[in-house]
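Single-structure report; data block below.
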Amino acid sequence: MPEAVHHSDALAHQFDSLEQQKEAATLGMWVFLVTEILFFGGLFLTYAVYRNWYPDAFEAGSHAMLIWAGTTNTAVLITSSLTMALAVHAAQTGRRGALMLFLVLTMILGTVFLGIKAFEYYTEFTEHHVPGAGFHLEGPEFYHAQLFFSLYFVMTGIHAAHMIIGLGIMAVMLWWSWKGVITKDYYNPIEVSGLYWHFVDIIWIFLFPLLYLIGRHAH
Amino acid sequence: MTEHDHILPTRVYYLIFGTLMLCTYLTVQAAFLDLGPFNTLVAMAIAVLKATLVILFFMHVKYSSRLTWAVVIGALFFLGILFALTMNDYLTRGWH
């Protein structure tokens, strides 16, 4: 089959065509993301149950968040999703230089996000907003607001862990792009890495209003 | 690259990016208005809209196979079961 010989570099032997190979890669990534959706789903569900029980404590806790940091990080992450989408587009059209540029930009934006997050954690540690014996928050909701902060640290912490893993994936993608592994016939790794990156963005799209924006109007 | 690939023009990505940024601005502005119980509703509606745009365009699901669609919808279906059956318990505990 001349076609198979022509595509031998890009096409693994167990697949009939490049199209089928890409379909399998995309589907496989989505199946993984399903487990991630349900993993984070459990945390969002916990949030929903406790916020329903202690709405005032959650609003008081949320009011102590740095809204400028959360809003900036939302913009940073959305921009990183744009550069990721443009990286996939560059891979699809076989523009290696543009692909590497957009991967680097995505990594820079991801690092900026983590830097701002680290500054927030530092601020919350110094202001005694970490649940435990040293916890302090002005107002009557002092005690139950620790539930809000527990969920805040766990949810944003796991999200940040996903970002760090994402940066590792992007570093490998950059390496593969540099080596010429990624071509317009074989850009599946870039495509599925993009799916992961966008998924992590989506988690933040829900975390941002639930953690930073509730109870803003009340004060 | 195969002839069945859908390579979107980059202006689609810039348009989605602009919409996502606008939605972020709107959700922050809305948070400072006192809408009562609708604050959470508006915030979640905007978040769902943003997530949908990311899934359909940035993640190319709009142009993916029906099998991929089935997996995505299936995930949301099971997430719905997780929430519906749990909240069905917790939200009704106050009824006497």
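Reminder, nothing fancy here: chain letters follow the sequence lines and each chain counts from 1. Worth saying up front: this structure is predicted, and the values here are computed from it rather than measured.
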Between [X] and chain B, with a heavy-atom cut-off of 4.5 Å, which part of the residue counts as in contact: side chain, backbone, both or neither?
X	answer
Ile67(A)	side chain
Tyr212(A)	neither
Thr79(A)	both
Ile37(A)	both
Thr74(A)	side chain

Please indicate whether Tyr54(A) has more than 12 foreign heavy atoms, meaning atoms of other residues, nucleotides or ligands, lying under 6.0 Å from its OH. yes
Neighbour count above 12 (heavy atom, 6.0 Å) for Phe78(B) CZ: no
So, do [X] and [Y] sit near enough that their side-chain heavy atoms are less than 4.5 Å apart?
X	Y	value
Leu210(A)	Met44(B)	yes
Phe58(B)	Leu195(A)	no
Phe199(A)	Met59(B)	yes
His60(B)	Thr26(A)	no
Ile214(A)	Asn39(B)	no

Straight-line distance of [X] [atom1] to [Y] [atom2], nearest 0.5 Å:
X	Y	atom1	atom2	value
Ile7(B)	Thr93(A)	CD1	OG1	6.5 Å
Leu79(B)	Phe44(A)	CG	CZ	9.5 Å
Ile78(A)	Phe17(B)	CD1	CZ	7.5 Å
Ser64(B)	Leu27(A)	OG	CG	9.5 Å
Thr83(A)	Tyr13(B)	OG1	OH	12.5 Å
Leu67(B)	Glu23(A)	CG	CD	6.0 Å

Counting only non-hydrogen atoms closer than 4.5 Å, does [X] touch chain A with its backbone (N, CA, C, O), its side chain (CB onward), both, or neither?
X	result
Thr86(B)	side chain
Tyr25(B)	neither
Val48(B)	both

Please test Arg51(A) against Thr40(B) for side-chain contact (heavy atoms from CB on, under 4.5 Å), starting from the C-alpha separation and ending with a verdict. CA-CA 11 Å; Arg51(A) 185 177 159 190; Thr40(B) 303; 2.8 Å; yes
Step by step, would you call Trp68(A) with Val28(B) a side-chain contact (heavy atoms from CB on, under 4.5 Å)? CA-CA 10 Å; Trp68(A) 66 265; Val28(B) 172; over 6 Å; no
I need the residue from Leu33(B), Ile16(B), Ile46(B) with the largest number of non-hydrogen atom pairs under 4.5 Å to chain A. Leu33(B)
Applying ring pair (Phe, Tyr, Trp, His ring centres under 6.0 Å) to Trp53(A) and Tyr90(B), what does each step give before you reach the verdict? CA-CA 9 Å; Trp53(A) 276 353; Tyr90(B) 282 104; 5.3 Å; yes
Keeping His89(A) on the side-chain end and Leu8(B) on the backbone end, is there a donor-acceptor pair under 3.5 Å? yes
If you count heavy-atom pairs under 4.5 Å with chain B, which of Ala75(A), Gly70(A), Gly42(A) comes out on top? Ala75(A)
Please identify, among Ile202(A), Leu213(A), Leu82(A), Leu38(A), the residue contributing the most non-hydrogen atom pairs under 4.5 Å to chain B. Leu82(A)
Val34(A) versus Ala75(B), closest heavy-atom pair with distance: CG2-CB, 3.7 Å
